[in-house]
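To start, the structure under review is shown below, and the notes come after it.
Nothing here was measured: the structure is a model prediction, and the numbers come from that model.
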Amino acid sequence: MNDTVLFPAIGPTRYTLPRTVVTNDDLMREHPHWDMGRVARRTGVTSRHIAAPDETALTLAVDAASSLLADSELQPKDVGGVVVCTQTPEYRLPANAPLAHARLGLSANALALDLSLACSGFPYSVAVAGGLLPATPDAPILVLTGDTYSRLIAPDDRSTRSVFGDGAAATLILPPSSAAAGDLQVLDAAFGTNGHDAARFMVSGGGAAKGFASEQTIEMDGVGMLAFVRDAIPATVVQLLERNQLGVEDVDLFVFHQASTLALEALAGDLGIAADRLYIDMADTGNLVSASIPVCLRRAELAGRLQSGMRVVLAGFGVGLSWGGLLTTVK
């Protein structure tokens, strides 16, 4: 652990999923030639929530944040800021954070900013919010993570449509002195980027390069992304553990971004993670992009999988190509 850095605590999380559920059977009725049995075995997804026209990453995130504040008995004036991580914002400008700030009724003294990251977004957002905590004395920062990737998926693209779902999460980021039982104290963090291979997962339309009115759909090199995950993440996890004099066997639970069961099981094999220490929970949600890890943390909490004193490693990876890992312990 780097003793010169004061890492934050990850507080309570709540999440919101869209009302509409699309099952694998629904997709197969639409595309009879799709082998959804094989898809389910590789992805681990049997259904996913898809945003209706009146549901956006912003509305879902604000709903999750409202539930979080109510359950935490916090008033809007008690929040020092909001960090929003999304790649499906409400508008090209302004960013989602000031819109969330207004809808939640936060103080004019509260900071608000967006991060344009995807599946690595939660670790990055925790780190950024933690770095901003000195500017919000005695007030937590809200981290809102979420996307509606269904708006970026071509209807006949089986590889993306079968795995991604929509949703958003809200998480309180706290100074260590404010952490309570059940919160996760961050002990160390590691991040990385490989922008040279950014084209492996890209929406090339809708920006300045091709024109803002150009078609916006996800282009994914699935084989290349799996290779990236297996190359970058084990090395990062080992780096994070070794500099804290720990081994894989010293970690009680690994909560990785829920990319697919194929990717998660490959990581478990590469790192030698026992099956009971790898958290997988995406069958009814699909890949939730930046909301994936916090949704898993909330579900793990409700399932009794997070106990005081446990060491938990969080790791996100994806678009960019970008990745981040956090070593934490449960208070």
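Scanning both residues, Pro175 and Leu133, for their nearest heavy atoms gives N-CD1, 3.5 Å. Across every non-hydrogen atom of Thr145 and Ser125, the tightest pair is CG2-OG, 4.3 Å. Scanning both residues, Ala64 and Ala168, for their nearest heavy atoms gives CB-O, 4.1 Å. In terms of heavy-atom proximity, Ala259 sits nearest to Val163 at O-CG2, 3.4 Å. Nearest heavy-atom pair, Pro94 versus Pro98, reported as atom, atom and distance to 0.1 Å: CB-CG, 4.3 Å. When every heavy atom of Val22 is checked against every heavy atom of Ile50, the shortest pair comes out as CG2-CG1, 3.7 Å.
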Show me the donor-acceptor pairs, under 3.5 Å and distance only, between side chains in residues 70-77 and residues at least two apart or in other chains.
unit_1	atom_1	unit_2	atom_2	d
Asp71	OD2	Arg14	NE	2.8
Ser72	OG	Leu68	O	2.8

Side-chain donor-acceptor pairs of residues 288-298 under 3.5 Å, sequence neighbours excluded:
unit_1	atom_1	unit_2	atom_2	d
Ser290	OG	Cys85	O	3.4
Ser290	OG	Gly146	N	3.1
Ser292	OG	His257	ND1	3.3
Ser292	OG	Gln258	N	2.7
Arg298	NH1	Glu301	OE1	3.0

Report task. Any chance you could lay out the side chain to side chain donor-acceptor pair (under 3.5 Å) test for Ser47 and Asp284, step after step, and finish with the verdict? Result -> CA-CA 5 Å; Ser47 65; Asp284 66 331; 5.9 Å; no
Requested in this report: Check the pair Ile153, Thr217 against side-chain contact (heavy atoms from CB on, under 4.5 Å), reporting the backbone distance first and the verdict last.
Outcome: CA-CA 5 Å; Ile153 292 173; Thr217 54; over 6 Å; no
**Report entry** Residue pair Asn244, Asp188: steps toward the side chain to side chain donor-acceptor pair (under 3.5 Å) verdict
**Finding:** CA-CA 8 Å; Asn244 289 276; Asp188 204 349; 2.9 Å; yes
Requested in this report: Starting from the C-alpha separation in whole Å, work towards a yes-or-no answer on side-chain contact (heavy atoms from CB on, under 4.5 Å) for Leu241 and Leu327.
Outcome: CA-CA 8 Å; Leu241 294 178; Leu327 172 63; 4.2 Å; yes
Report task. Tell me, with the steps shown, if Met310 and Thr329 meet side-chain contact (heavy atoms from CB on, under 4.5 Å). Result -> CA-CA 6 Å; Met310 289 178 61; Thr329 185; over 6 Å; no
Requested in this report: Could you give me the CA-CA distance, side-chain angles and deciding distance for Leu17 and Thr285, then say whether side-chain contact (heavy atoms from CB on, under 4.5 Å) is met?
Outcome: CA-CA 8 Å; Leu17 301 176; Thr285 63; 4.0 Å; yes
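In this structure, the separation between NZ on Lys331 and OG on Ser308 is 8.5 Å, given to the nearest 0.5 Å. Summarising the geometry, atom CG belonging to Leu106 is positioned 10.5 Å from atom CG belonging to Asp78; distances are rounded to the nearest 0.5 Å. To the nearest 0.5 angstrom, Asn287 atom CG is 10.5 Å from Thr160 atom OG1. Between the CG atom of Leu172 and the CD1 atom of Ile10 there is a distance of 11.5 Å, given to the nearest 0.5 Å.
Val238 and Phe317 fall within the same hydrophobic cluster, defined by Ile, Leu, Val, Met, Phe, Trp and Tyr side-chain heavy atoms under 4.5 Å apart, directly or through other members. Ile141 and Leu117 end up in the same hydrophobic cluster when Ile, Leu, Val, Met, Phe, Trp and Tyr side chains are linked at under 4.5 Å. By the rule that hydrophobic residues join a cluster once side-chain heavy atoms approach within less than 4.5 Å of another member, Val84 and Leu111 end up as members of separate clusters. Leu264 and Val319 fall within the same hydrophobic cluster, where Ile, Leu, Val, Met, Phe, Trp and Tyr residues are linked whenever their side-chain heavy atoms come under 4.5 Å apart, directly or through other members. Under the 4.5 Å side-chain heavy-atom criterion for grouping Ile, Leu, Val, Met, Phe, Trp and Tyr, Val237 is connected to Leu321 within one hydrophobic cluster.
Counting heavy atoms from C-beta outward, Leu115 and Val83 have side chains that approach closer than 4.5 Å. For the pair Leu267 and Ile273, the minimum side-chain heavy-atom distance is 4.5 Å or more. Looking only at side-chain heavy atoms (C-beta outward), Leu174 and Asp183 come within less than 4.5 Å of each other. At a threshold of 4.5 Å between non-hydrogen side-chain atoms, the residues Thr171 and Leu142 do not count as touching. Put simply, the side chain of Asp221 does not reach to within 4.5 Å of the side chain of Phe201, judged on heavy atoms. Residues Val251 and Leu246 are not in side-chain contact: their nearest non-hydrogen atoms beyond the backbone lie 4.5 Å or more apart. Looking only at side-chain heavy atoms (C-beta outward), Leu144 and Val82 come within less than 4.5 Å of each other. Residues Asp25 and Met36 have side chains not in contact (no heavy-atom distance under 4.5 Å, counting atoms from C-beta outward).
Under the ring-ring contact (aromatic ring centres under 6.0 Å, His included) criterion, Tyr15 pairs with no residue, sequence neighbours left out. Residues satisfying the ring-ring contact (aromatic ring centres under 6.0 Å, His included) test with Phe228, not counting sequence neighbours, are Trp323. In terms of the side chain to side chain donor-acceptor pair (under 3.5 Å) criterion, residue partners of Thr56 (sequence neighbours excluded) are, by chain and number, Glu90. Every residue meeting the side-chain contact (heavy atoms from CB on, under 4.5 Å) condition with Ser107, not counting sequence neighbours, appears here in chain and number order: Asn109.
Listed by first then second residue, pairs satisfying ring-ring contact (aromatic ring centres under 6.0 Å, His included) with a partner in residues 87-127 read Tyr124-Phe191, not counting sequence neighbours. Sorted by first and then second residue, the pairs that involve residues 41-68 and meet salt bridge (charged side-chain N to carboxylate O under 4.0 Å, His left out), not counting sequence neighbours, are Arg19-Asp54, Arg19-Glu55. Among residues at least two apart or in separate chains, salt bridge (charged side-chain N to carboxylate O under 4.0 Å, His left out) pairs with a member in residues 134-162 are Glu30-Arg161. Screening residues 190-209 for salt bridge (charged side-chain N to carboxylate O under 4.0 Å, His left out), with sequence neighbours left out, gives Asp197-Arg200. For residues 249-274, the salt bridge (charged side-chain N to carboxylate O under 4.0 Å, His left out) pairs, not counting sequence neighbours, are Arg230-Asp270.
A side-chain donor-acceptor contact under 3.5 Å links Asn24 to the backbone of Val45. Counting only distance, with no hydrogens or angles, the side chain of Thr88 and the backbone of Thr148 share a donor-acceptor pair below 3.5 Å. A donor-acceptor contact shorter than 3.5 Å is absent between the side chain of Asp114 and the backbone of Ala95. Using modelled atom types, no side-chain atom of Thr328 and backbone atom of Val186 make a donor-acceptor pair closer than 3.5 Å. Proximity of a side-chain donor or acceptor of Gln185 to a complementary backbone N or O of Pro8 within less than 3.5 Å is detected.
The hydrophobic side chain of Val21 is isolated, with no ILVMFWY side chain under 4.5 Å apart from it.
Between the side chains of Glu219 and Ser204, at least one donor N or O lies within less than 3.5 Å of an accepting N or O.
Ring geometry, His31 versus His33: the interplanar angle exceeds 60°, so the pair is classed perpendicular (tilted spans 30 to 60°). Note: Tyr149 and Phe164 have tilted aromatic rings, judged against thresholds of 30 and 60 degrees for the angle between ring planes.
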